[in-house]
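See structure below.
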Amino acid sequence: MTRSPRAARSLVLSLPLLFVLPAATAEARAKPVASAPSKAQAPASSGAQVPWLYKGSDVPPDREWIFGRLPNGLRYAVRHNGVPPGQVSIRVRVDAGSLYEADSERGFAHLLEHMLFRQSKYIAEGSAITTFQKLGASFGSDTNAETTTTQTVFKLDLPDANAASLDEAMKLLSGMVSAPTLSAANLKSDLPIVLAEMRERGGASKRAQQAMQDTLYAGQPLSVREPIGTVETLTAATPEAVRAFYQRWYRPENVVVILSGDLPPAELEAAVTKWYAGWKGVGPLTPQPTFGDPVVHPAAVTADPAAPAGDPAAAPVDMARVLVEPDLPPSLLYAVERPWRQKNDTIVYNQGKMIDNLAQSIINRRLETKARAGGSFLTAQVNQDDVSRSADVTFVSLTPLTDDWQAALRDVRAVIADAMQRPPTQEEIDREVAELDVAFQVPVEQRRILPGSQLADDLVMALDIRETVASPEAVLDIFRRSRPLFTPQAVLEHTRKLFSGTVSRAVFTTPKAGMADAGALKLALQQQVAPDAPPTAVAAAPVSFDKLPAIGKVQTPAAQVQTGLLGIEEVVWPNGVKALLWPVVEEPGRVMVKVRFGGGTRAIDPADAPYIALGKIALVGSGLASLDQEDLDRISTGRKMGFDFDVDDASFHFSAETRPADLADQLYLFAGKLALPRWDQLPFQRAKAAARIQYATFSTSPQGVLNRDLSFYQRGKDARFATPTPEQTEAATFERFKKVWGDALGQGPVEVQIFGDFDKAAAITALNRTFGALPARAAQPAGPPPTRDVAVSKPSAQPVVLYHHGDPDQAAAVVSWPTGGGSMGISESRQLEILTQLFSNRLLDAAREKLGVSYSPYVYSSWPVDLKAGGAITAVAQVDPKSVPVFFQTASEIAQDLIDHPPSAEELALVTEPMRQQVTRAASSTAFFMNQLEGATTDPVRFGSIGTVLADYTETTPQAMQALAARYLGKGNSWRLEVLPAEGQGDGTTVASAKVTATP
């Protein structure tokens, strides 16, 4: 049963962006289990009216879903949900993906996704984006689609839904899936867009992904069925061939319509019936395909028969491959594969999956402990999943720290070998059970705030992996009554099964030629390893907060003042710490905490710039008081606590989402980091290794180079905004790390925000002992004034030219117009976002729809509220190198046209209405106000800006937009940057061709 969604292991193509989920790294879902069904809900098989989703299952149905089937075979599920208010989330799932294609149809499932948006019965050619914008749905976030190996899903989050808008939305979507045009003109328009998408997602990462697919699933369709398809099959596509694929799979029997939102279920059901009941498939129903089993190669070598039972090498080492990619980090993956078989989603089935999950969690915790202690690998993980209904696979992935990858592989396998020889301790099991218990308890506590879109997506995922869904209460009840099953012996048996299979295959991506070959990799996997030493006994109980040192002398507030906004109260302590408290009952079980302190990036000396990136990785892991990394994990066992750290332009941040019961201890963790920092060299060294390994990956694509360098150039080549080079990282010392971050942790002022479900009196008591007890801090960040200035790039017609090591047909182009910053300009910054969206819509239409030179061009506006300058309007596109001038010309023409001519009222409404809906929906959550009010205790202007937020984003005129364009988008105001392929350029760098060695 699907409660927490599990990422399906399939390649995914999304509109407007492409997301590739490697089969080696997609996250597995923890599956709840039980020994018997809940008494509160009868099992599905016990009643006459069994919902279609629960056929063959004894999992208690989630009665808030109403399931139905139309006479034509189309299935549907609807439910009421009021989060966010007024929204209805619609999902149309077609049981057809790239694995349903014939050899000559590779890429057709995804191509169809595009063509259905192009033109259909109720949508004129090329008007889908504006049609949905008129309903208040923004393109990309509210309106989207994705194609995977096993399904195609069309998504619409309809804001401000009523009977009329729901009817219109359902009409539009029904016409797309049941009556698309699929003309030659449609194909001609969409083919360049799909090919641009393919080009943008190429390069080293794509080659590594393909090598993994080819190797792990050799002999199965999955090895050659990426959703994007091939250039050959796509360019050979004809309207007749595409329509044949459509008619074979797009029929009501293969479609499920899902609606979850703020309208009565009866209205939702009626809308499904009205718009889908008349749809009939063409021709006989084609049976669902099967995707084959892992195939043992005839030359496969079986490992030493004396290897321990369940040793990964006990399966035939069927194939090994080494891929040399100079710009990718070393990454080794091996997989133990078994045939996939669909099983009834019963309680017994879930019991087995839950024990599987416990086994993986225990191994992964041991691997992480070993890595933290300075082992031979940076990271390692075990993960089991069912991949695209093609294989049941246990993956083992690791990143070696040095060239001695054999030692890293041996050390990882030794941990696994020990887990298969001896059962885990009961303490280890109890620790993982406690973690899962809180994970399943939180949705129960927060049931009233579960978004309708998440519930709809959960059901889509359940359909794809052939499972059911259950209510949070049923999941928790089932899980807790299953605890007697979680014995050491049961976990041992499941561990052994996880590493037994039909075949074992491996892929090693290395940046250096000669480090390994396929034969050496296969030999390393076949060798028997000695089990790792038994793990140190885990403490029976988590570390106690009661035994940790006090932050300081308990202080009571010096002042408590109502802000006059939404019941938010400002509390001030004698040491200068200020807190904004907003207890609400509308978000049960959720408390958000954010701590803002210090001067952020601008307070760091430019000479210490490399320590910014290292601090983001290592500062929290260095611990506090007597707690190291392991202790921080243990102290939060069975609790909902977090410790996110971020560095902003002008402040540092700690943030977490917690629960009312854990709030006091969450505050101690944050305050303890400021007052009682611990300095541990191991996290620092691990952070250095991670930074060195990651750096080369930025060169693999134009987007990677932008991620590495764009901020640096936008901020006038300020070293603090640069990504440290490996040489700079290597030169960093632990002593300087302590000095830089020790000073930063002592910078003031401190602002604490607590928004959500909490008792105000109890929160103030906890703050008295934590932040109120801190020593007094300076009112301003430390450091001389020059280091607190942030520069901006000067306008220039001559572009900055950077180079990447990706495919020679890849490039990127950027145009950036500096704007401003500061809280006094918040209203103008919001108006600039309207202008930016106008620009973005035009750029998408020109560069993607008309010219076909870029798949996902975009424009965004930044406005640092804490700085007087540094904001920008930035237009970005990934294009082929010869189209860089085309992009620059197109962007300049759009900018000039916005200056010369005001947009029409209709064009403006296509932007302001979706923005109105986005702001209205966002404002239904306290998180929105937390973000808007950050820093308000030292800058009260931000309180006043809340009152104008909706008007700022939605009320404007064509003339106001024209005036803003004239102020900022003039010809002499911009600067440009282009990222070109390195091959043949003057920097002396050439593109290294991938080298692959493999042995069957």
Side-chain angles (χ1 to χ4, degrees), residues 2 5-21 26 29 53 65 67 74-79 87-101 107-118 120 123 128 132 137-158 169-170 172-178 180 194 197 225-229 245-246 249-261 268 272 275-276 279 288 388-389 451-467 469:
T2 302
R6 175 169 60 188
R9 290 192 180 278
S10 55
L11 298 176
V12 181
L13 286 174
S14 296
L15 180 77
L17 297 177
L18 166 71
F19 299 94
V20 179
L21 299 181
R29 172 182 61 83
L53 184 67
W65 283 107
F67 296 90
L74 183 140
R75 294 167 292 165
Y76 65 85
V78 302
R79 70 180 292 161
Q87 177 174 293
V88 173
S89 293
I90 306 171
R91 305 291 185 263
V92 180
R93 179 188 181 274
V94 183
D95 204 22
S98 60
L99 282 173
Y100 292 63
E101 300 163 349
F108 280 23
H110 173 243
L111 178 62
L112 259 177
E113 173 203 310
H114 281 261
M115 294 181 70
L116 264 60
F117 270 96
R118 173 65 52 185
S120 57
I123 297 178
F132 287 110
S138 60
F139 180 63
S141 57
D142 297 325
T143 310
N144 214 322
E146 67 177 19
T147 301
T148 77
T149 51
T150 51
Q151 65 178 0
T152 304
V153 184
F154 300 90
K155 304 179 179 182
L156 174 62
D157 290 333
L158 180 67
M170 292 293 283
L172 297 173
L173 287 170
S174 71
M176 286 171 56
V177 298
S178 68
V194 173
E197 182 177 1
R225 284 293 184 276
E226 294 180 90
I228 194 64
F245 181 87
Y246 166 82
W249 299 117
Y250 276 68
R251 47 189 303 136
E253 300 93 331
N254 293 334
V255 172
V256 177
V257 179
I258 300 165
L259 293 93
S260 174
L268 303 178
V272 176
W275 291 109
Y276 287 92
W279 182 20
Q288 287 285 307
S388 298
R389 304 202 291 274
S453 58
Q454 176 185 325
L455 295 170
D457 290 337
D458 283 358
L459 185 50
V460 168
M461 183 62 65
L463 290 165
D464 192 42
I465 62 178
R466 304 305 197 238
E467 291 189 359
V469 293

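From a predicted model like this one, the values you see are computed outputs, not experimental measurements.
Here the CD1 atom belonging to Ile228 is positioned 10.5 Å from the OG atom belonging to Ser98, to the nearest 0.5 angstrom. Taking CH2 from Trp249 and CD from Gln151, the interatomic distance works out to 14.5 Å, rounded to the nearest 0.5 Å. Atom CZ in Arg79 sits 4.5 Å away from atom CG in Leu455 (nearest 0.5 Å). Taking CD from Glu146 and CZ from Arg93, the interatomic distance works out to 10.5 Å, rounded to the nearest 0.5 Å. We find the OG1-CD distance between Thr150 and Gln288 to be 10.5 Å, quoted to the nearest 0.5 Å. Note that CG of Leu459 is 12.0 Å distant from CD of Glu467, once rounded to the nearest 0.5 Å.
The two residues Ala169 and Ile90 come nearest to each other via the heavy atoms CB-CD1, 4.2 Å. When all heavy atoms of Pro227 and His110 are compared, the closest pair comes out as O-CB, 3.3 Å. Smallest separation of non-hydrogen atoms from Tyr276 and Leu173: OH-C, 3.7 Å. Contact detail for Leu112 and Phe245: the closest heavy-atom pair is CD1-CD2, 3.4 Å. The heavy-atom pair separating Glu101 from Ala109 by the smallest distance is OE2-N, 2.9 Å. Considering all non-hydrogen atoms of both residues, Val469 and Asp458 come closest at CG1-O, 4.2 Å.
Salt-bridge formation is not detected for the pair Arg251/Asp95: no Lys NZ or Arg NE/NH1/NH2 atom is positioned less than 4.0 Å from an Asp or Glu carboxylate oxygen. Between Asp157 and Lys155 there is no salt bridge, since no side-chain nitrogen of the basic residue lies less than 4.0 Å from a carboxylate oxygen of the acidic one.
A 4.5 Å side-chain heavy-atom check between Leu74 and Val257 finds at least one atom pair inside the cut-off. The side-chain heavy atoms of Ser138 and Thr143, taken from C-beta on, include no pair separated by under 4.5 Å. Counting heavy atoms from C-beta outward, Arg225 and Thr149 have side chains that stay 4.5 Å or more apart. Contact annotation: the side chain of Val153 never approaches that of Val94 to less than 4.5 Å [non-hydrogen atoms, C-beta and beyond]. Residues Asp457 and Arg91 are in side-chain contact: their nearest non-hydrogen atoms beyond the backbone lie under 4.5 Å apart. Looking at heavy atoms from C-beta onward, Leu172 lies in side-chain contact with Phe132 at the 4.5 angstrom threshold.
No option in Val78, Leu156, Val92 other than Val78 meets the side chain to side chain contact (heavy atoms under 4.5 Å, CB included) test with Leu259.
With sequence neighbours excluded, the residues that form a salt bridge (charged side-chain N to carboxylate O under 4.0 Å, His left out) with Arg118 are Asp190, Glu849.
A side-chain N or O of Ser89 and one of Gln87 form a donor-acceptor pair less than 3.5 Å apart. Side-chain atoms of Glu113 and Thr147 form a donor-acceptor pair, as typed in the model, at a separation below 3.5 Å.
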(message) Checking Leu463 against Ile258 for the side-chain contact (heavy atoms from CB on, under 4.5 Å) test, could you report, in this order, the C-alpha distance in whole Å, the side-chain angles of both residues, the deciding distance, and whether it holds?
(response) CA-CA 11 Å; Leu463 290 165; Ile258 300 165; 4.0 Å; yes

(request) With side-chain contact (heavy atoms from CB on, under 4.5 Å) as the test, would you mind laying out the steps for His114 and Glu197 before giving the verdict? (result) CA-CA 11 Å; His114 281 261; Glu197 182 177 1; 3.3 Å; yes

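Note: Phe117 and Phe154 have tilted aromatic rings, judged against thresholds of 30 and 60 degrees for the angle between ring planes. Ring pair Trp65/Phe67 is tilted by interplanar angle, where 30° to 60° counts as tilted.
Under the 3.5 Å distance criterion, the side-chain polar atoms of Arg389 are left unmatched by any main-chain donor or acceptor of Ile465. A donor-acceptor pair under 3.5 Å is formed between the side chain of Ser178 and the backbone N or O of Ser174.
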